[in-house]
Asker: 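Handing you a structure now.
Computed from a predicted structure; not experimentally measured.
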Amino acid sequence: MGIATIGAFAIGEYPEGVAVMLFYAVGEVFQSMAVTRAKGNIKALLDQRPDEVTVMDNNNRPEIIKAKEAKIGEIIQLKPGEKLALDGELFSESASFNTAALTGESKPDTKNKGETVLAGMINMNSIALVKVNTAYEDSKLSKILELVQNATAQKAPTELFIRKFAKVYTPIVVFLAIGICLLPYFFVDDYLFRDWLYRALIFLVISCPCALVISIPLGYFGGIGAASRNGILFKGSNFLDSIAEIQNVVMDKTGTMTEGVFKVQEVSISPEFNKEEILQLVNALESKSTHPVATAIHNYVGDINHSIPLENVEEIAGHGLKATVNGKELLIGNFKLMDKFNITYDLNHTNIVYTVIAVAYDKKFAGFITIADSIKEDARETVDNLHKMNVKATMLSGDKGTVVKYVADQLGIDNAFGDLLPEDKVNKVKEIKAKNQTVAFVGDGVNDAPVVALSDVGIAMGGLGSDATIETADVVIQDDKPSKIPMAINIGKQTKKIVWQNIVLAFAVKAIVLILGAGGLATMWEAVFADVGVALLAILNAVRIQRMKF
């Protein structure tokens, strides 16, 4: 652009020289405005942390301090309408919070004493007290903010290609322009230096790669911003590209398509055992597990008897729990666990639709507990939307085959497999990939880390609940809603579409005006449009994604 302006001045084309620089400057202003807006959107969405907090001092008096200075263990007072600055646990009996800043969910979330509350949540009604359990810089919100700000470092292949292309392309174009100006001297009879210099300058202006270099990264940035606004975090623009091409979504069952909130349906304990004693033993051992089943049993049985002498507690992956109580072996888990330890049982468990927890004590089968989980309200809609996009849905679960089949039939899932160990899930995903098909795996990102690593895109549900999830997955869905899976795919597709629209628009207009310029039919005004005009159109198109409803 600098060479073209100086050249235009040199041959007396002052209005055109001024136009080149003026429109170029206007284009630059629009570009920087668009980038600032996209960055601002993301930062405003996520940087919800207040600078100050009200802590209760030793005399139980409120004192305002910097949020960064709040220490773990201190009690924060949160007034109605005030935003929480640090992660902690609720110290008051109960409180309602607006979690829209974190999850995009407008419905208030009621928390009870001892439950986790996160930075960015807004207290709704009464004064609430929160006990700080995480440093300011380690809060989930801080990590998410850092994650999204770093997302632009992970470039999509198209973006990387355009960057490399511009580095090689620009010097080539300058040399071609010199060739256009000087070479005709040897081949054209009525050669006029001024005319061919003008054509070379037009060629330079047209071939400037601004439209591509700015609009493509801006398109991806807009996609990341649009996803963030809907509670979906992409770790990089390359995952927007990858998710747009997904042919199979493989999902976990518990906590992904179902609520993960289990309730005890039936308790069947053999008459030779004391039912109350067995339930106390089960409750005590299950308290060592973080599985939702443990919560269901605890809610059913009640308080844990901590005087029970549990020894050699061991969790056997995909099977259940094992411990020794008073020298006797206690086993709680699925029937594979019973088979593994040669426990005989007179029960056809395959006919039971619910999840069955088998119990053995002192080498004898003591009975079973059935537990049921409810399907998420938007799970069916999720599968229907995936099918509309021609994406196959497969469910892999460690839960009982009959339960998995029942849930899959309710949701219209294409393929479902139950009774799987973590390595079985890996093998099932490998089978799909062996058909040269792309796979997105949706799970909790912790137990399923091997499958997440193997899949083309790893999606974590409820990423706010687990640091490990945020670390492992490529895409984090913040509010546990499976309907965000097809939404994420759609955002990826729309972003890719806009990026390719810009590429085609830039190349088509530039090619037409270049041909006209080489033939002496285009002036500097058309050249300015081919560069700055196209760049502005591409920017406006890229910004469009931030306004889309998904």
Side-chain angles (χ1 to χ4, degrees), residues 37-48 97-109 118-122 140-141 143-152 154 156 218-244 246 249 251 256-257 376-386 388-389 391 440 442 445 457-465 469-470 473-499 542-550:
R37 186 169 175 272
K39 284 186 175 178
N41 273 356
I42 292 171
K43 198 165 171 72
L45 281 164
L46 290 171
D47 198 3
Q48 301 286 338
F97 291 92
N98 176 342
T99 63
L102 296 171
T103 64
E105 176 60 70
S106 55
K107 197 167 63 179
D109 188 4
L118 300 170
M121 289 183 175
I122 301 169
K140 298 283 190 301
L141 193 61
K143 290 192 173 180
I144 292 162
L145 180 60
E146 190 182 328
L147 171 81
V148 178
Q149 284 177 329
N150 294 339
T152 44
Q154 299 260 30
L218 190 61
Y220 284 113
F221 213 99
I224 290 169
S228 301
R229 194 168 58 248
N230 287 287
I232 304 164
L233 303 180
F234 279 88
K235 281 196 177 176
S237 47
N238 50 334
F239 300 118
L240 278 165
D241 263 9
S242 303
I243 207 165
I246 289 299
V249 169
M251 57 196 73
T256 301
M257 303 307 279
K376 287 184 179 176
E377 58 183 32
D378 59 341
R380 176 79 210 200
E381 174 200 342
T382 299
V383 178
D384 290 345
N385 286 340
L386 288 173
K388 283 176 192 168
M389 294 175 172
V391 176
V442 190
V457 179
I459 304 174
M461 294 294 282
L464 285 175
T469 309
I470 291 176
D474 306 317
V475 181
V476 181
I477 292 173
Q478 290 175 261
D479 59 3
D480 268 347
K481 286 191 171 179
S483 54
K484 295 289 174 75
I485 302 164
M487 188 189 282
I489 294 172
N490 189 23
I491 289 171
K493 285 181 183 291
Q494 293 300 330
T495 304
K496 199 163 185 184
K497 192 164 139 191
I498 280 174
V499 164
V543 168
R544 194 164 57 92
I545 195 165
Q546 294 174 49
R547 297 182 177 277
M548 284 184 183
K549 294 267 185 276
F550 293 100

Asker: Can you tell me if N385 uses its side chain to pair, donor with acceptor, with the backbone of P486 under 3.5 Å?
Answerer: no
Asker: Strictly by modelled atom types, are Y220 and D241 linked by a side-chain donor-acceptor pair under 3.5 Å?
Answerer: yes
Asker: Could you tell me the separation between the OG atom of S237 and the NZ atom of K496, rounded to the nearest 0.5 Å?
Answerer: 12.0 Å
Asker: Please report the closest heavy-atom contact between V457 and S242, naming both atoms and the distance.
Answerer: CG2-CB, 3.6 Å
Asker: What's the shortest heavy-atom distance between G222 and I545, and which atoms?
Answerer: C-CG2, 3.5 Å
Asker: Give, for atom CE of M548 and atom OG1 of T495, the distance between the pair rounded to the nearest 0.5 Å.
Answerer: 8.0 Å
Asker: Out of curiosity, I459 CD1 to I246 CD1, how far, rounded to the nearest 0.5 Å?
Answerer: 7.0 Å
Asker: State, with a plain yes or no, whether a side-chain heavy atom of I232 is found less than 4.5 Å away from one of V476.
Answerer: no
Asker: Do you know which of R380, M251, E377, M257 makes side chain to side chain contact (heavy atoms under 4.5 Å, CB included) with P482?
Answerer: M257
Asker: Report yes if some heavy atom in the side chain of V475 is under 4.5 Å from a heavy atom in the side chain of K235; otherwise report no.
Answerer: no
Asker: Just how far is it from atom CZ of F550 to atom CZ of R229, taken to the nearest 0.5 Å?
Answerer: 7.5 Å
Asker: Output the distance between atom CZ (F239) and atom CD1 (I224), rounded to the nearest 0.5 Å.
Answerer: 10.5 Å
Asker: Determine, step by step, whether M389 and I489 satisfy the side-chain contact (heavy atoms from CB on, under 4.5 Å) criterion, reporting the C-alpha distance in whole Å, the side-chain angles of both residues, the deciding distance to 0.1 Å, and the verdict.
Answerer: CA-CA 9 Å; M389 294 175 172; I489 294 172; 3.8 Å; yes
Asker: Determine the minimum heavy-atom distance between S483 and E381, stating which atoms define it.
Answerer: CB-OE2, 4.3 Å
Asker: Hey, does the side chain of K484 reach the backbone of N230 with a donor-acceptor pair shorter than 3.5 angstrom?
Answerer: yes
Asker: Roughly how far, to the nearest 0.5 Å, is the CZ atom of F234 from the CD1 atom of I491?
Answerer: 6.0 Å
